[in-house]
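Worksheet: one structure, shown below.
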Amino acid sequence: MDHYRLVTKIGEGTFSEVWKVQSLKDANYYACKKMKQHVESIEQVNNLREIQAMRRLSLHPNILQLHEVAYDKKNGSIALVCELMDMNVYELIRGRRNPLPDSKIKNFMYQLCKSLDYMHRNGIFHRDVKPENILIKQNLLKLADFGSCRSMFSKHPYTEYISTRWYRAPECLLTDGYYGFKMDIWSAGCVFYEITSLHPLFPGSNEVDQIAKIHDVVGTPKGDILRKFKQTRAMNFDFPPKKGTGIPCLVPHISNDSISLMLAMMEYDPDKRITAKQALQHPYFRDLRMAEKQAANLQRTVRGFEDENNVAQGVMHNLWRIHKGRRRHQKYPQQPARCQVPTYPLELPKLNVSGTTKICTYPNHTVKTVFPTVPVSENGTLPQVQPVQFIGKNSKQPRHREQSKPTMQHYSLPSIEKKGGRY
């Protein structure tokens, strides 16, 4: 618990106390259930039924989520850090004069039946369903406190004194621990009545008074039911026949569907009592089932549209990537520039000329350099340029050209003096 700061104490029970704590890591608030029992090892912590049940059931939206299990090896203390809710059902109806709206009651009972159905389908029954263990946060309901839970596949007999007395089913009171998961349905029916009427249905002061309170309302059971209970109890018992007042006269302001569901949940014989799955299909929850179905269809449609959108976007993205890859690897031919001159020798095409053509050959004359390689004199004067005469095989020229050829004259270039290292 070094990572949490104690804020205030929420409540205390026989086996634990609950604190509101704040995490020093994320600054969020949580509910911390500090167990009073001493634990010797981490193996014993992992074998606790409450921790195993919460780890298995916490994924459901109507089951209290377990955030962390804090174990202190030095003093052997253990604490369960869970999500923080606003209040429980008892605090919701305590001191209230006017009953809750029927729509709110129906919403809460629908969520409670959902949590029970999910828990029973996972092989666990709670054994302590009561208003204090049903938590509320705005319109969200969550079932909590799995300290008394048990596996549905474990062998009988179970603990006799289990569950809070006011919400204990008849099979828990009249047998030596031979009861099953249907006891949770009886307890939920009692909670249903209490939310509707704002007071408990069977507030017995002890075991005998509890049975008497039940018989005052629902009447004494038939003989076959009593014989079934007697088979699993060492002590013999008999009840004088009595017809109960019935539940409808106690809550005349509620609908017939509410009465029908309440009676089905509090059937004396557990074999005839309704299950949580059957309760969810009761006509009382018809409008909630319709609304839930429409919401699911709408969500499915939106998800399908988003999937199609994502597929279309993915296809377009892949096509764009392929196009970019092709453009990157494709070599486009360069457009020839206008009046482009080739950088290599160009061979002209041969001309086909009709008739006989005389091919003339021209001699390759040798050209002698005009400026002989004569070294520059020390005074900086350049040598005189000598006249150059054409030298070749056909040295004879026409006479009229020789006469018209001007006589070459000799010229002397002025001397260039060197000044400052330059000419």
Side-chain angles (χ1 to χ4, degrees), residues 13-16 35-60 63-64 66 69 78 80 112-113 115-130 133 143-190 207-208 210-211 214 221-237 265-279:
T14 307
F15 304 104
S16 62
M35 313 291 290
K36 294 182 179 181
Q37 68 180 105
H38 179 80
V39 182
E40 297 180 355
S41 63
I42 190 66
E43 289 79 10
Q44 188 177 356
V45 172
N46 293 327
N47 289 332
L48 291 175
R49 284 200 297 260
E50 183 173 7
I51 295 177
Q52 291 180 351
M54 293 194 72
R55 285 175 176 173
R56 184 184 300 182
L57 303 174
S58 287
L59 295 178
H60 194 272
I63 302 291
L64 188 68
L66 177 64
V69 178
I78 182 173
L80 307 182
L112 179 59
C113 291
S115 65
L116 293 176
D117 176 53
Y118 181 76
M119 183 175 55
H120 293 166
R121 284 189 287 110
N122 280 271
I124 300 172
F125 63 111
H126 194 278
R127 300 202 302 178
D128 197 15
V129 177
K130 59 182 180 180
N133 292 337
L143 185 61
D145 195 355
F146 293 84
S148 301
C149 70
R150 192 69 185 262
S151 172
M152 292 171 53
F153 308 104
S154 55
K155 295 182 179 180
H156 294 90
Y158 300 135
T159 306
E160 295 182 36
Y161 298 99
I162 199 66
S163 177
T164 304
R165 185 188 307 113
W166 293 359
Y167 310 93
R168 199 174 297 173
E171 61 268 23
C172 299
L173 297 167
L174 300 177
T175 65
D176 293 336
Y178 288 85
Y179 52 83
F181 70 97
K182 292 288 189 69
M183 65 171 294
D184 290 341
I185 307 300
W186 175 279
S187 303
C190 296
E207 301 286 329
V208 177
Q210 186 67 30
I211 289 291
I214 294 175
K222 296 181 180 179
D224 56 342
I225 301 175
L226 287 179
R227 285 191 295 269
K228 187 191 306 182
F229 289 161
K230 289 179 181 179
Q231 294 175 0
T232 59
R233 190 172 180 92
M235 184 178 63
N236 192 11
F237 55 86
M265 297 178 77
M266 287 186 286
E267 178 68 39
Y268 205 103
D269 187 359
D271 295 334
K272 297 180 180 179
R273 196 176 301 154
I274 195 173
T275 63
K277 184 178 180 180
Q278 293 170 346

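Looking at residues two or more places apart in sequence or on another chain, you find no side-chain hydrogen bond (donor to acceptor under 3.5 Å, both in side chains) involving His60. Judged as a side-chain hydrogen bond (donor to acceptor under 3.5 Å, both in side chains), and not counting sequence neighbours, Asn47 has no contacts. Legend: residues meeting side chain to side chain contact (heavy atoms under 4.5 Å, CB included) with Val45, ordered by chain and number and at least two apart, are Val39, Ile42, Ile51, Val69, Tyr71, Ile78. Scored by the salt bridge (Lys or Arg N to Asp or Glu O under 4.0 Å) test, Asp224 finds no partners at all (sequence neighbours excluded). Every salt bridge (Lys or Arg N to Asp or Glu O under 4.0 Å) that Arg273 has, sequence neighbours left out, goes to Glu171. Under the rule for a side chain to side chain contact (heavy atoms under 4.5 Å, CB included), the partners of Glu50 that lie at least two apart in sequence or sit in another chain are Lys33, Met35, Met54, Leu80, Asp145, Phe146. For Arg56, the side-chain hydrogen bond (donor to acceptor under 3.5 Å, both in side chains) criterion is met by no residue, not counting sequence neighbours. Residues passing the side chain to side chain contact (heavy atoms under 4.5 Å, CB included) test with Thr14: none are found, sequence neighbours excluded. Not a single side-chain hydrogen bond (donor to acceptor under 3.5 Å, both in side chains) links Tyr118 to another residue, sequence neighbours left out. Residues passing the ring pair (Phe, Tyr, Trp, His ring centres under 6.0 Å) test with Tyr158, sequence neighbours excluded: Phe125, His156, Tyr179. In terms of the salt bridge (Lys or Arg N to Asp or Glu O under 4.0 Å) criterion, residue partners of Asp117 (sequence neighbours excluded) are, by chain and number, Arg121. For Glu40, the side chain to side chain contact (heavy atoms under 4.5 Å, CB included) partners are His38, Gln44, not counting sequence neighbours.
Taking the six-membered ring for Trp and thresholds of 30 and 60 degrees, Tyr268 and Trp186 have ring planes more than 60 degrees apart, a perpendicular arrangement.
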